[in-house]
Amino acid sequence: MNLIARLTERSWDPATSAAAAASATGPEDVFAGRQTMLHIFLVIVSVIFMLFFLTFIAHSQYPGFETLTGEPWKPLASTTQLWINTGVLVLASLMMHLGLTRARQGQMGQAIGFTLVAAFFSLQFMLAQLWLWRDLHSMGHTLVSNPSHSYFYLMTGVHALHLAGGLVIMLGALVLIWRRAAIERLERSLKLCSTYWHYLLGLWLVLFVLLTRSPETYRTIAILCGLG
Amino acid sequence: MTHVPIADQPMDDHHPTSFVAKYVWSQDHKVIAIQYAVIAIFVGVVALILSAFMRLQLGFPDTFSFINPNTYLQYMTMHGMIMVVYMLTALLLGGFGNYLIPLMVGARDMAFPYLNMLSVWFYFVSVIILLASFFVTGGPTGAGWTLYPPQTILPGTPGNEWGIILMILSLAVFIVAFTMGGLNYVTTIMQARTHGMTLMRMPLTIWGIFIASWMGLLAFPALLVSAIMMAMDLLLGTSFFMPTLVSLGNAVDHSGGSPLLFQHLFWFFGHPEVYIVALPAFGMVSDVLATHARKNIFGYRMMVWAIVIIGALSFLVWAHHMYVSGMNLPFGFFFATTTLIIAVPTALKVYNWTLTLWQGNIRLTPPMLFAIGFIFTFIHGGLTGLFLGNVIVDVPLADTMFVVAHFHMVMGVSTVMVIFAAIYHWYPLITGRMMHEGMARVHFWTTFLGSYAVFLPMHYLGFMGVPRRYFAMGDTAFMPESTHALNASITVFALILIAFQAVFILNLIWTLRHGREAGKNPWGATSLEWQTPDVPPKHGNWGDKLPVVHRWAYDYSVPNSTQDFIPQTVPQGEMLEKSAAGQTEGKSS
Ligand code: HEM
Ligand SMILES: [Cu+2]
């Protein structure tokens, strides 16, 4: 039954209410619960980043705000490093996906193998991001040199933290599955993990696009959002 | 794959036996609820004592040497923050949410019991961090519960060394705790409801908690984001919120930040937050009113929709807290309009509560007294909200005692009235004993009349221009002598009001041992939590089989039925007088 129908049920009326109850399922599966929790969690993360983005756009309209690209001496003037890091994260996501498909086909050994490779690439991504930070820092683009730089470090940092948290939970789950010899749980765990990884990839792409725009684009977004 | 229903796992293999497993590291939602409630009531009492200190200074300036301008601001800040976040939010969602959700929707426990346990322990840690700030150099922050930068960070504000750091840290930990709890509440309500429990058969308590949890999950991130950015400004020298400015003769190291940005973030959390505590209260009071008036709640479906609409609209009104921060005209117009629109579903709820009482078989039990008291105080506070929602009226009243009166009536007193109603109502279920009636009545009348004696005069003080958050008025010519007399009288009543809360605490403790046995379902209520095989409910709640729901939660005084309530577990057509058994039962509303 769709949501509108469920919210308009005349529950005080015995006849219609009984009909509605007949189509209600009772408690759902444990896995469905975990999946719901993950989805809500991703909504929360989206809200957090949405607020980062909005304040970033608002900030971009203040005097003294420098965009990160545009001139050769700007921190993200060359996006080569960003593209490389993106590639690594895409690989991580892809491996995650392959792991899941293998698990679905019942090839558990391969599934675990791909998952570990995904973990490796994720770690690689975080190291590469750290590398980028170090480079920028040594070029004088520090956390405090401009609000835009603060945003850059803040948002990439929080993004990496989410990846790190995901890694810890994923490896923890693998260990649990191994210790309890509960291989049948692998597919479900991997399903949740790959959702999370694809989400973080998407988030990174949005971040990438947002951070490398020109002042005019920020101006336009700001006006559209009523922040101009 | 096998279907393992949420919260219906067999419990026998992990019945905790030792005291520690049962009451300390417990994963039972009922124990966790009580842990939440005990901590919340404890910090609530701390905050109450702080308010007594503030009142002493306001009523009798320069009489008490331990209150100076700095400590006054610190008491004020801690009072506000504790009451709103650590007491009300934690007690309503962590306490009542945890206890009632699984019982009212017919689950054995929360969807994620382990996460639930983590939640309460994170909450505990956040409270410890918060209270620790009383013992560090410089004491707790005195920036006001709104924590506006730049003054929060700058020298001259008490607690700008350690107090503010601990405050931010504590809030962050609290948000993590809340999120773990909130994910549980929402998932449990959406997916662990028992057979036959459709959305529209849920009691309004669950609807209030459900929407409030959603709002918390979506609003607390704004506080988290502002806390993170503020911490970076404070500790790492960034300039998210800190503008270029000269402080105590020295230029600060910051430049380019915007204090207004913080205000927007804060109130994007702050306004929904007031409804995060209001909606569970709305829900619980509806159920208390229906049960003790022996009538179905008037307009159930409208009540549900109103809760949902209020929840959604609350995200669109935040800037009404910022009228005096400066904003352009269309902006102010927009927020004034949304603010007044939100009053429509709110008023609708008030009408429906009142109409529920109409021709009811009202029993003036202690929970009912508090519930009716709530209707009064809420109407009162809601009306002053309409004043403040208009930009032009708000400008002179902002930052005066009028605002203090508004939010205390609407959020402080009203919500606390419902909390008391709820405790008197559900205590027999939680402990198996009835609270002492006489003490409860004394508690009600002192609390109800006391609150009016304290907060009604504050409206007048506000009209006269008495500012809020001021340590002392000094020699202000426009303030007549009578304001001082009024202030002194408020203080006296406040102290009486606070003292009489001891009756309540005593009652809680006394009843635990000496209260009359409640037996099963002493109020004759229909909802599921009263239909458990044991009172108080045991671990796993339902014995070996989950209950099956056959009707909505408000079948009170159904015509032709054999008793004046029909529990949700009774199949349609049962419990009717013989002569009527053939006809359809139930009534419309
Ligand atoms: C009819 C509905 C309401 C309207 C129109 C309304 C309007 C307002 C406005 C305009 C202000 C800002 C006043 C100022 O700072 O100058 C305000 C403050 C406040 N309101 Fe309401 N309000 C309503 C209901 C509520 C409810 C239901 C609650 C809580 C349960 C609440 C809690 C608060 C609090 C805590 C503040 C003060 C925050 C602070 O400045 O520290 N209000 N209200
Ligand atoms: Cu508000």
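Throughout, a chain's letter reflects where its sequence line sits, starting with A, and its residues are numbered from 1. What's counted below: heavy atoms across the whole structure, side chains too, no hydrogens, waters or symmetry copies.
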Select, from [options], the one with the greatest count of heavy-atom pairs under 4.5 Å involving chain A.
options: B:W305, B:F331, B:Y554; result: B:W305
options: B:L265, B:L115, B:V548; result: B:L265
options: B:W214, B:F240, B:F220; result: B:F240
options: B:R193, B:H264, B:H254, B:M197; result: B:R193

With sequence neighbours left out, what residues match B:F268 under ring pair (Phe, Tyr, Trp, His ring centres under 6.0 Å)?
B:F315, B:W318

[X] portion near chain A, given a 4.5 angstrom heavy-atom threshold:
X: B:L224; result: side chain
X: B:V549; result: neither
X: B:T179; result: side chain
X: B:I228; result: side chain
X: B:L183; result: side chain

What pairs with A:S122 under side-chain hydrogen bond (donor to acceptor under 3.5 Å, both in side chains), at least two apart in sequence or on another chain?
A:W197

Any side-chain donor-acceptor pair under 3.5 Å between A:T217 and A:T220?
no

Show me the donor-acceptor pairs, under 3.5 Å and distance only, between side chains in residues 36-59 of chain A and residues at least two apart or in other chains.
from  : atom 1 : to     : atom 2 : distance (Å)
A:T36 : OG1    : A:A32  : O      : 2.8
A:T36 : OG1    : B:Q191 : OE1    : 2.8
A:T36 : OG1    : B:Q191 : NE2    : 2.9
A:S46 : OG     : A:L42  : O      : 2.7
A:S46 : OG     : A:Y199 : OH     : 2.8
A:T55 : OG1    : A:L51  : O      : 3.2
A:T55 : OG1    : A:F52  : O      : 2.9
A:T55 : OG1    : A:Y151 : OH     : 2.9
A:H59 : ND1    : A:Y151 : OH     : 3.3
A:H59 : NE2    : B:G256 : O      : 3.0

Separation between OG1 of A:T195 and CD of A:Q35, rounded to the nearest 0.5 Å:
6.5 Å

Rounded distance [0.5 Å steps], CG in B:N184 versus CG in B:D109:
8.5 Å

Quick check: are there more than 12 heavy atoms from other residues, nucleotides or ligands sitting under 6.0 Å from [atom1] of [X]?
X: A:I4; atom1: CD1; result: no
X: B:D253; atom1: CG; result: no
X: A:R34; atom1: CZ; result: no

Measuring only between side-chain heavy atoms, which start at C-beta, is [X] closer than 4.5 Å to [Y]?
X: B:H550; Y: B:V570; answer: no
X: A:S17; Y: A:E9; answer: yes
X: A:H97; Y: A:S194; answer: no

Applying a strict 4.5 Å limit to non-hydrogen atoms, the region of A:T8 in contact with chain B is both

For residues 166-178 of chain A against chain B, heavy atoms under 4.5 Å, the residues are none

Checked A:G33, A:P63, A:G64, A:S145 vs chain B; the most non-hydrogen pairs under 4.5 Å come from A:G33

Out of A:Y62, A:F65, A:F31, return the one with the most heavy atom pairs under 4.5 angstrom to chain B.
A:Y62

